[in-house]
Structure formats: C-alpha cells, structure tokens
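Structure record follows, encoded as structure tokens.
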Amino acid sequence: MLRRPLLALGVITLLAGVLRLATLDVQSVWLDEGLAIRTVRHGFGSMLGQLDSEQSTPPLYYVLAWVWTRVLGTGVVPLRAFSAVAGTVTVPLLYLAGRHLSVKTGLWAATLGALSPLLFYYAQEARPYALLVLFATAAQIAWQRALDDRRSRDVTWWAVFSVLALLTHYFAVFLFIGQAVVLARRHGPRLVVVPVAVVAAVGASLVPLARAQGGNTSWIGDTPLPNRVAEMAKQFVIGPYGPLGIVLAPIMAALFAAALVRAWRQADRLRRRRLLEIGTAALLAVALPLVLAVTGVEDVFKGRNLVAAWPSAIVLVAAGLETVRASRSGLVVGACLCAGFGVVIAGTLTRPEYGRDDWRGVARGLSASPPGQRRLVLTPRHGAAPLGVYLPSLQPIPRGTAAVSAREVVLVYLRSPHRGPWGPGEDALRAPLPPGSPRASPRGFEFAGRTRTKTYAIYRFRAAAPRIVDIAGLRRAMDDPRADVVALPG
C-alpha cells in the first residue's frame, strides 16, 4: 500500500462507495428523513418557505438536493444517493487531511473513514450531515496547509469551504472558530481577519432563519446534558446504533485512546505541534457548544450536530496507527478498530432492531388491511411524514380537528432502536411497543386483529358502519396525547 498509495486509496474509496451505495435501501426512512423528503419534493420557492417550519439547518443541503432530485428523481434511493456520494468523496479527502502528517496517516484516515459506522450511517441518510463532513474535511485540508505556508490561496479555500459548511449546518461555525484561533496564534490575527469577516457576514445572514427554526430543536433539552455528552462520545466511536454497544463502546474508546497516546509518544517536535493544533481546533469545536449549553445561553448540544469535528479526531487517531519495524502495535490497534466498525455496520444492516424506524414495514402492514371504507391511523408523534413517503394517499388530519368519520381505526406503535444507556434521545418521540393489546377499544369499535413484529405493532378496530370518532379519545386509547392522526382511503 505504501509503495502505491494512490492505488490503495482507490481501493479504499471503491470499498466505501460500494458499502454505501449497495445498501442504500436496506433500512426504512425515519422521521427526519421523511421531513427532508417532503421538503425537497416541493417546488423550489415552496421548499425554501418550508425550511423554517420543518427543518433545523441552513438551506444549502436542500438546495443541492433539490437540484439533484430533479435529475435523478425524488424517491428515497435517489435522495439518499446524494449523501452516499458525498460520504464516498469524503474518503479521499480524509487521505489528504492525514497526508499532511504522512502517507501512512493518510491511508489509515481514509480506511477508518470508509468503515466508520458514524460516517456510514449519515452517508445513508437523506439529511445534511454527510455533506457537512465533506465540507469540514475540505476546510481542514486548506487550513492545515495555511498553517504551514500562510499562502493566501490556502486561506481563501479555507474560508470558502468553511462558508459552505456553515451554509450546511450552523455548528460548522464552532470548528471554524477553533481553526481561526489556532491559525491566528501561529501566524498572527491579521491572517484571519478577512476569513472571519466573511464567515461572520454569512452567519449574520442566517440568523433570521435560525431564530425561526428555534422551536424545531427545543426537544433536545429534554434529555439531560450528561447523557448527551456520553451519547456524543459513543457516536464518535461506534455510531448512533448497533449491536453490543454496551461492550463495544468502551473497547473502541480504549482503542481510540491507545492510538492517540501512541501518536503523541512517537511524534517528533514538529509533528507534535501539528497534532496539538489539530486537536485544539477539534476540542474547541466540541467545547464551545457545550459551554453554551452549560451556561444556558443556547442548549442545542447533540452528538450529530458535532460531526464536523470528526475528521480532525480521526486524523489524530490515524496518526497513532503508523507502524515502525520495532513495533506492530499500531497495526494491531488499527485492525481491531476496523473489525469493531465492521461488526457495528453488519449488525445495523442485518438486525432490524438496530436500524432506523421501520415505517416501510408499517406501510406494508397497513396496506395488508382488508379493503373497506376510510381508515383512521394513529402513529407516534410526527409519524405522518415518514409514513407518507410510502403511502402517498395518506391524508393528515389537522391538529384542531375534534372528530371525523371512519369505519376502521388503526393504532401504530414503533419500537425505538437500541441506543444503550445514554438517555432516550429521539426515543422520546416514539411510543414503545405495548406488551399486549391496548387497554380498551375505541368507543363503538371492536378489536379486529393485530400485526406485531420486532420493530412495530399494528392494532385494528372495526365498526359495523362508519362512525363519528372522537380524536382525543383515540389519543387516550393510544396513551399518546401528541399522536399524529391520518386518514387512508379504503
């Protein structure tokens, strides 16, 4: 691999692309993807108008995804393919980021990026995070070069990619701040005046949209901050979901730590300075939003919002995997990391309980109902968006509606994916599977059967003739006052 690094990089990138693209449709879309798909399917102007009410990130991803889907289609696979391509392109960029230290570090960074459960997860999701990592990695490459030579060209590219990252996700500003502090400390503040002014101007232009979207992230604070910090650390090493998390997470964290210690011990003075600069920028990218959350200024600290710092972290880990003749420990640590990554990805793909919410299975279960008149379906909160991806005829019932007519009532429950003991996170948005049948049938309806799988449960109730149904009573029957109510034609 070292004799032909570009050939090795090509093989690693091909592996990353096949892994991401070949399995795009294994899992169902979940809540956030359902909202993103619904947003992108609007006309361009209408799509931009939906960002403040349905999304919590800046517009660049949706603009690019809108153009992409007008060429390839607005289905689940075409839209996810946009993230998969971004995730695949990130792999050679990780090589360039690591190549700043050495060829070995570059190849290890690309390998870890290709197999990382975190990058794999977001590269298969119709959301902005894969694009954010792509721009963050490109910005890091230019920043590292600017640290070495101060060339205005590298500073300019650093500013450009930082702006693109900020237009993709608000949290990119924290990585930029960390990098700006390090660059100013190395070469003086004058070098960063223009980039800081440009990024600040772009950030100021996003403030009205960010304020309008504020209500869409208010749920984050419902989970205790220590749980979210632990969840972030877990996601960095084994991704959001996966089997054996309670065992693998500490093992993988120990391997990460061993690689970091090894990187520091075997580095010379120049290399240590570079490692320290990369680590300082990454640490500030995480610490700044944590400080805002602790002080109560703005609590939106969430693991997935911090993925822009992941490329810096993985370059530091990759630097500790280099092997010299006297010691093969780096190779052993790297092989164990790759094996652990493989276990997580394989488990996520093959075991439904470790994947995304199974709205596709729910849609199939609803389609299997006997034909009849209009059906009312109750789903966990916000379920109308992902379910509507698979059932286009679905008709959401407005929140203020008190009663509607139906002959069949269906209650849908989802099993939340396994996350480990790090707090409920998004699980708070989903009702767990009940142990048996619901406590009581809706008034005027009789129990007509159920469908129960590892990931969802569907309970059906029918009446002899269409009846007026009390919506509040249905929500009480489901034990979920915030449940979505939708109608399906018979």
Side-chain angles (χ1 to χ4, degrees), residues 57-61 63-64 90 93-94 96-101 128 131-211 213 269-293 295 297-298 300-301 305-313 315-316:
T57 54
L60 182 57
Y61 166 79
V63 170
L64 296 179
T90 299
L93 293 184
L94 286 170
L96 293 177
R99 178 66 180 82
H100 179 70
L101 298 174
L131 189 65
L132 170 63
V133 175
L134 172 66
F135 289 142
T137 307
Q140 181 176 334
I141 295 169
W143 171 73
Q144 290 175 168
R145 292 176 176 174
L147 280 172
D148 280 351
D149 54 36
R150 313 187 42 169
R151 288 185 301 184
S152 59
R153 180 181 65 183
D154 294 326
V155 175
T156 299
W157 280 115
W158 168 57
V160 168
F161 286 119
S162 295
V163 166
L164 292 175
L166 179 58
L167 288 171
T168 304
H169 199 287
Y170 299 114
F171 269 54
V173 71
F174 299 117
L175 180 64
F176 173 79
I177 292 173
Q179 292 174 342
V181 168
V182 173
L183 190 58
R185 187 178 183 277
R186 170 81 83 88
H187 297 303
R190 292 183 60 185
L191 189 64
V192 301
V193 168
V194 173
V196 167
V198 171
V199 172
V202 173
S205 70
L206 293 173
V207 168
L209 177 61
R211 287 180 175 175
Q213 293 173 332
R269 183 176 180 180
L270 174 61
R271 188 180 176 90
R272 282 189 176 184
R273 184 178 70 176
R274 289 176 172 176
L275 293 175
L276 187 60
E277 289 170 337
I278 295 172
T280 299
L283 185 60
L284 286 174
V286 174
L288 291 175
L290 181 58
V291 169
L292 293 179
T295 57
V297 174
E298 186 69 29
V300 286
F301 188 92
N305 293 337
L306 301 165
V307 294
W310 193 93
S312 300
V315 167
L316 296 177

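Any value given below was found using the heavy atoms of this structure, including those in side chains, with hydrogens, waters and symmetry copies removed. Quick caveat: nothing in here was measured; it's all calculated off a predicted structure.
Here the CG-NE2 distance, from L60 to H169, works out to 13.0 Å after rounding to the nearest 0.5 Å. Separating the CG atom in L283 from the CG atom in L288 is a distance of 9.0 Å, to the nearest 0.5 Å. Rounding to the nearest 0.5 Å gives a distance of 11.0 Å between CD of Q179 and CD1 of I177. Within the model, atoms CG of L93 and CZ of R99 stand 15.0 Å from one another, a figure rounded to the nearest 0.5 Å. One distance of note links CG of L183 with CG of L191; it measures 5.0 Å at 0.5 Å rounding. Put simply, CG on L284 and OG on S312 are 11.0 Å apart, with the number rounded to the nearest 0.5 Å.
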Which is it for R273 and R186 under the side chain to side chain contact (heavy atoms under 4.5 Å, CB included) test, yes or no, and what are the steps along the way?
-> CA-CA 10 Å; R273 184 178 70 176; R186 170 81 83 88; 3.5 Å; yes
Fill in: Candidate pair W158 and V192, rule side chain to side chain contact (heavy atoms under 4.5 Å, CB included), full reasoning
CA-CA 10 Å; W158 168 57; V192 301; 4.2 Å; yes
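Counting all heavy atoms, side chain and backbone alike, A282 lies closest to A309 at O-CB, 4.1 Å. Shortest non-hydrogen contact noted between V315 and A97 is CG2-CB, 3.9 Å. Closest approach of P58 to Y170, counting heavy atoms only: CG-CE2, 3.5 Å. Among all heavy-atom pairs drawn from Q144 and I278, the shortest one is OE1-CD1, 3.3 Å. Considering all non-hydrogen atoms of both residues, L101 and R271 come closest at O-NH1, 3.4 Å. Nearest heavy atom pair, residue T168 against residue T57, reads O-CB, 3.7 Å.
Between F161 and I141 there is no side-chain heavy-atom pair separated by less than 4.5 Å. Side-chain atoms of L131 and L134, non-hydrogen and from C-beta on, do get closer than 4.5 Å to each other. Side-chain contact check for V286 versus F174: every heavy-atom pair is 4.5 Å or farther apart. F301 has its side chain out of reach of N305: every pair of non-hydrogen atoms, C-beta onward, lies at least 4.5 Å apart. Using a 4.5 Å heavy-atom cutoff, the side chains of L276 and R272 are not in contact. No side-chain heavy atom of L132 sits less than 4.5 Å from a side-chain heavy atom of W310. Proximity of L306 to P289: side-chain heavy atoms (C-beta onward) are separated by under 4.5 Å at one or more points. In this structure, S162 and L175 have side chains that are not in contact, with every pair of non-hydrogen atoms separated by 4.5 Å or more.
In this structure, R274 contributes its side chain and H100 its backbone to a donor-acceptor pair below 3.5 Å. Side chain of W157 to backbone of A142: no donor-acceptor contact under 3.5 angstrom is found. Counting only distance, with no hydrogens or angles, the side chain of E277 and the backbone of V182 share no donor-acceptor pair below 3.5 Å.
The local environment of CZ in R185 is sparse, with at most 12 non-hydrogen atoms from other residues, nucleotides or ligands closer than 6.0 Å.
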